[in-house]
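So you know, we letter chains A, B, ... as the sequences are listed, proteins then strands, and number each from 1.
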2 protein chains.
Amino acid sequence: MTHDGRNDVLRPFPDQRHDHDACRSEALAQVVAACAERGLRLTPLRRRVLELIWSSHTPVKAYDLLDRLRREHAAAAPPTVYRALEFLVEQGFIHRIESLNAYIGCSEPEQAHQGQFLICDSCGDAAELSDPDIAAVLRRKAEMLGFQLDVCTVELKGRCARCETAAG
Amino acid sequence: MTHDGRNDVLRPFPDQRHDHDACRSEALAQVVAACAERGLRLTPLRRRVLELIWSSHTPVKAYDLLDRLRREHAAAAPPTVYRALEFLVEQGFIHRIESLNAYIGCSEPEQAHQGQFLICDSCGDAAELSDPDIAAVLRRKAEMLGFQLDVCTVELKGRCARCETAAG
DNA sequence: GCTATAGATGTAATAATATAACATTTGCAA
DNA sequence: TTGCAAATGTTATATTATTACATCTATAGC
Ligand SMILES: [Zn+2]
Ligand SMILES: [Zn+2]
Ligand SMILES: [Zn+2]
Ligand SMILES: [Zn+2]
């Protein structure tokens, strides 16, 4: 695992100067590949919504996407955005952050999965974990209670290391 | 820990026939005590909203509360409900379920805390855990990443043991 | 008991988030 | 080609939540 600020599991928050074009294009390429493999249509609209979501590591709200989309696509309306979001979420290409009513690109879109999210109250960025220990303890507790577990929503708010350092 | 269907940590979902009046009145009494201790005003409106939330173990939506409130209090409007909810959430007397936009009574309101929730997709009931193992693993992971953890949202969806059994 | 004040509630309007319903267009397979 | 299913366009509406300002109420200090 490298220390380039993107891939190290111990540093899921990207640093300020990382090559974000690389983040975006890597994610896009993985999604393009997954669509080809699954026989799905990544239409220009869906692709554009995904690109807009990947414009940063900060979760994006549906109506912010709509505003940006309208600049280049006058016909865009709420269903335009919500349909694209529905497709992208269903396929695991993005995740919805329930506590923010917002959406973020999935860092491992090749196969759908449930992540956990760290969300910085200070800079707004969010980072995805796919932590097996967290998943395991939740599975174990559910099982002990006879609860047939389906969806796990884990959203952790606080301050990221970068902001914590900056604040002194 | 008894096996009366309410208190056993291994069976956080109440059974169908439990004495729910006891759930509600116990919660109310604890909240009354906490308000007295903290010098807070549990006004008739706040108290009534809390009672309505405690009418079941299913998370309640703000506008459903509003509808019920209006039957007995014609002046009720959205801010009436949202202000009461804000007070109750701030004090830890209820919790907000982010993934449902709904509210549920806290099972341990004496001191504010963060719980985890199991939510049954079948019957709609939710059960609160205050599981130290879950809390610990989240704290540990956040710490490893230099993330200053503040709020943990853990909401687990699936099917409760009761519904699982009923479905065969 | 007054009365000033802070907190709680009333009231109207609107913002923010999301979906329903039906028409039209497009891509693709028979 | 032509027919169908999927995607998008279009309009309207549902749901969730907040802002702003007016009024009322409990109570602490006089
Ligand atoms: Zn990046
Ligand atoms: Zn930050
Ligand atoms: Zn009960
Ligand atoms: Zn159930």
Inset, instruction - Would you check, one step at a time, whether the test side-chain contact (heavy atoms from CB on, under 4.5 Å) holds for K61(B) with N101(B)? - result: CA-CA 6 Å; K61(B) 306 204 137 228; N101(B) 297 330; 4.2 Å; yes
Legend entry - Pi stacking test for Y63(B) and dT15(D): under 5.5 Å apart, planes under 30°: no
Legend entry - Rounded distance (Å) that lies between atom P of dT9(C) and atom CZ of R48(B): 15 Å
Inset, instruction - Provide, to the nearest angstrom, the distance between the CG atom belonging to L85(A) and the P atom belonging to dT17(C). - result: 12 Å
Legend entry - With sequence neighbours excluded, residues passing side chain to side chain donor-acceptor pair (under 3.5 Å) with E164(B): none
Legend entry - Side-chain (R70(A)) to main-chain (A76(A)) donor-acceptor, under 3.5 angstrom: yes
Legend entry - DNA chain C contacts among residues 99-106 of chain A, heavy-atom distance under 4.0 Å: N101(A)
Legend entry - Ring geometry between H20(A) and H57(A) (parallel below 30°, tilted from 30 to 60°, perpendicular above 60°): perpendicular
Legend entry - Interatomic distance, L40(A) CG vs dG27(C) P [rounded to whole Å]: 17 Å
Distances under 3.5 Å between protein N/O atoms and the N/O atoms of nucleotides 3-9 of chain D, please, pair by pair.
from: dA7(D); atom 1: OP1; to: R46(A); atom 2: NH1; distance (Å): 3.2
from: dA7(D); atom 1: OP1; to: R46(A); atom 2: NH2; distance (Å): 3.3
from: dA7(D); atom 1: O5'; to: R46(A); atom 2: NH2; distance (Å): 3.4
from: dT8(D); atom 1: OP1; to: T43(A); atom 2: OG1; distance (Å): 2.6
from: dG9(D); atom 1: OP1; to: H73(A); atom 2: NE2; distance (Å): 3.0
from: dG9(D); atom 1: N7; to: R83(A); atom 2: NH1; distance (Å): 2.9
from: dG9(D); atom 1: O6; to: R83(A); atom 2: NH2; distance (Å): 2.4

Inset, instruction - Using a heavy-atom cut-off of under 4.0 Å over every strand shown, decide if R47(B) touches base, sugar-phosphate, or nothing. - result: nothing
Inset, instruction - Please work out whether the ring planes of H95(A) and H113(A) are parallel, tilted or perpendicular, with thresholds of 30° and 60°. - result: perpendicular
